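Every chain is numbered from 1, with letters handed out A, B, ... down the list of sequences. Note that the structure is predicted; figures quoted are calculated from it, not measured.
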There are 2 protein chains.
Amino acid sequence: MSTLDATLCTTLRLPATIGEMTQAWHAFEQFASRHLRRQGLTPAQFAVLSALAAVTALSCKTLSEQTGITKGSLTGIVDRLEQNGLAQRVVSREDRRSHLVNLTDEGRATFERVAEKHFAHLQQAFEGVDREELTDIEAGFRRFRQLINHASR
Amino acid sequence: MSTLDATLCTTLRLPATIGEMTQAWHAFEQFASRHLRRQGLTPAQFAVLSALAAVTALSCKTLSEQTGITKGSLTGIVDRLEQNGLAQRVVSREDRRSHLVNLTDEGRATFERVAEKHFAHLQQAFEGVDREELTDIEAGFRRFRQLINHASR
DNA sequence: TATTGTTATACTCTATAACTATA
DNA sequence: TATAGTTATAGAGTATAACAATA
């Protein structure tokens, strides 16, 4: 799906930057999410597992902030991870309003297995590319984000 | 939501390019889609209207290819556009399997009204930016897409 | 009173596969 | 047999609001 596709940019003579960004994202999104789904995880589930893999546990609030998933959606996603035995909720001792989510052993193992394959899959695209060139591309994405963030205020 | 968020890239030491890409997209997606929804259109609906605005009519197949929306999803989206009086389906004379979708007068007027505002909204982000800098950023995005597309085969 | 998270509502979109009609 | 589009299903996302428990 697209927020803005190439047609739009042509029609409206929008900055070509937006068209290129959109197309780049679509290409990546397809490349990444199809692979993930074949491993049995949705992109959202993988994003949550990724955030949890780096730490012991996270509150739903933090998880929501880090993944960009709204708290309402997060409830359902964590529900399904729990149902599948990959994550669990524990009420925080410090603040008993807060529910800490952490990975089960199975969740951690699943993440590591999937992530390794996924990493290799993504790496394919960048093999043999000049490091300096990647740095330039990164800088472009960073600058684009800054422009958008600045306009968002 | 994110397919891959910054946390993942840190965890896996994925090419930083992907992390920057993801964050840039999220920033843009929020900036663009919130504005669209406030105008009463979903991003998918706007994408379809955009594709149709440039031409007389498109078959569902072509529409699907141009927007990147799968044909299954497209059925529902066109249904809702029809319900809202923005688009209509006509069975093709040449190939009666094919349904041509076109904008109603109201659909065209709605698109033009929304698109103009949306264009202005997006333009805000790029005002005063050096044209040459934008060209460089675009080239980077294009290169990124080529790398992904090449790996997709 | 403010915040955390859940629940509920209603709609939209995605992917996928099975199906119908037509070619 | 292949293609165009629809239908069905399950999962996920949005926005919003109301709510309980806790701070």
Checklist entry - Nearest nucleotide by nearest heavy atom, which residue falls closer to the 5' end of DNA chain D, G76(A) or D95(A)? => result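 Looking at the nearest nucleotide for each, G76(A) comes out on the 5' side.
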So what does [X] touch, heavy atoms closer than 4.0 Å: a base, only the sugar-phosphate, or nothing?
| X | result |
| --- | --- |
| T42(A) | sugar-phosphate |
| S59(A) | sugar-phosphate |
| R89(A) | sugar-phosphate |
| R80(B) | sugar-phosphate |

When you get a sec, tell me which of [options] is the closest nucleotide to the side chain of [X]?
| X | options | value |
| --- | --- | --- |
| S73(A) | dT14(D), dT4(C), dA4(D) | dT14(D) |
| I77(B) | dG11(D), dC13(C), dG5(C) | dC13(C) |
| C60(B) | dG5(C), dG5(D), dA15(C) | dG5(D) |
| K71(B) | dT12(C), dA12(D), dT6(D) | dT6(D) |

Would you mind reading off the distance between [X] atom [atom1] and [N] atom [atom2], rounded to a whole angstrom?
| X | N | atom1 | atom2 | value |
| --- | --- | --- | --- | --- |
| D79(B) | dT12(C) | CG | P | 11 Å |
| L36(B) | dG13(D) | CG | P | 20 Å |
| L74(A) | dT4(C) | CG | P | 14 Å |
| I69(B) | dG5(D) | CD1 | P | 14 Å |
| R34(A) | dA12(D) | CZ | P | 18 Å |
| R93(B) | dA23(C) | CZ | C1' | 19 Å |
| E94(B) | dA21(C) | CD | C1' | 18 Å |
| K61(A) | dT6(C) | NZ | C1' | 15 Å |

Checklist entry - Between H121(A) and H118(A), how do the two ring planes meet: parallel, tilted or perpendicular, split at 30° and 60°? => result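 Ring orientation of H121(A) relative to H118(A): parallel.
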Next on the checklist: Has S92(B) got a side-chain atom pairing as donor or acceptor with S98(B)'s backbone, closer than 3.5 angstrom?
Outcome noted: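 No; judged by distance alone, with no hydrogens or angles, the pair does not exist.
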Checklist entry - Using a cut-off of less than 4.0 Å, is there contact between a side-chain N or O of S98(B) and OP1 or OP2 of dT22(C)? => result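 So the side chain of S98(B) is outside the cut-off, no N or O lying under 4.0 Å from OP1 or OP2 of dT22(C).
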Next on the checklist: Does a side-chain N or O of H99(A) approach OP1 or OP2 of dT6(C) to a distance below 4.0 Å, or not?
Outcome noted: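 Checking dT6(C) against H99(A), a side-chain N or O does come within under 4.0 Å of OP1 or OP2.
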Checklist entry - Below 3.5 Å, does any donor atom in the side chain of R96(A) face an acceptor in the base of dT22(D), or the other way round? => result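 No pair found.
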Checklist entry - Is a salt bridge present between K61(B) and E65(B), judged by a nitrogen-to-oxygen distance below 4.0 Å? => result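 The answer is yes: the pair qualifies as a salt bridge.
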Checklist entry - Using 4.0 Å as the upper bound for N to carboxylate O, is an ion pair formed by R89(B) and D79(B)? => result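 Answer for the salt bridge query: yes.
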Checklist entry - Relative to the 5' end of DNA chain C, which residue comes earlier, Q83(B) or R37(A), by the nucleotide with the nearest heavy atom? => result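 Residue closer to the 5' terminus by nearest nucleotide: Q83(B).
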Next on the checklist: Let me spell it out: for each of R97(A) and T75(A), pick the nucleotide of DNA chain C with the closest heavy atom. Which residue's pick is nearer the 5' end?
Outcome noted: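 This one resolves to R97(A).
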Checklist entry - If Ile, Leu, Val, Met, Phe, Trp and Tyr residues are connected whenever their side-chain heavy atoms lie under 4.5 Å apart, and connections chain through other members, are L103(B) and V55(B) in the same group? => result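 Looking at the clustering, V55(B) is in the same group as L103(B).
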Checklist entry - Has D105(B) got more than 12 heavy atoms of other residues, nucleotides or ligands less than 6.0 Å from its CG? => result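 Counting other residues, nucleotides and ligands, CG of D105(B) stays at 12 neighbours or fewer.
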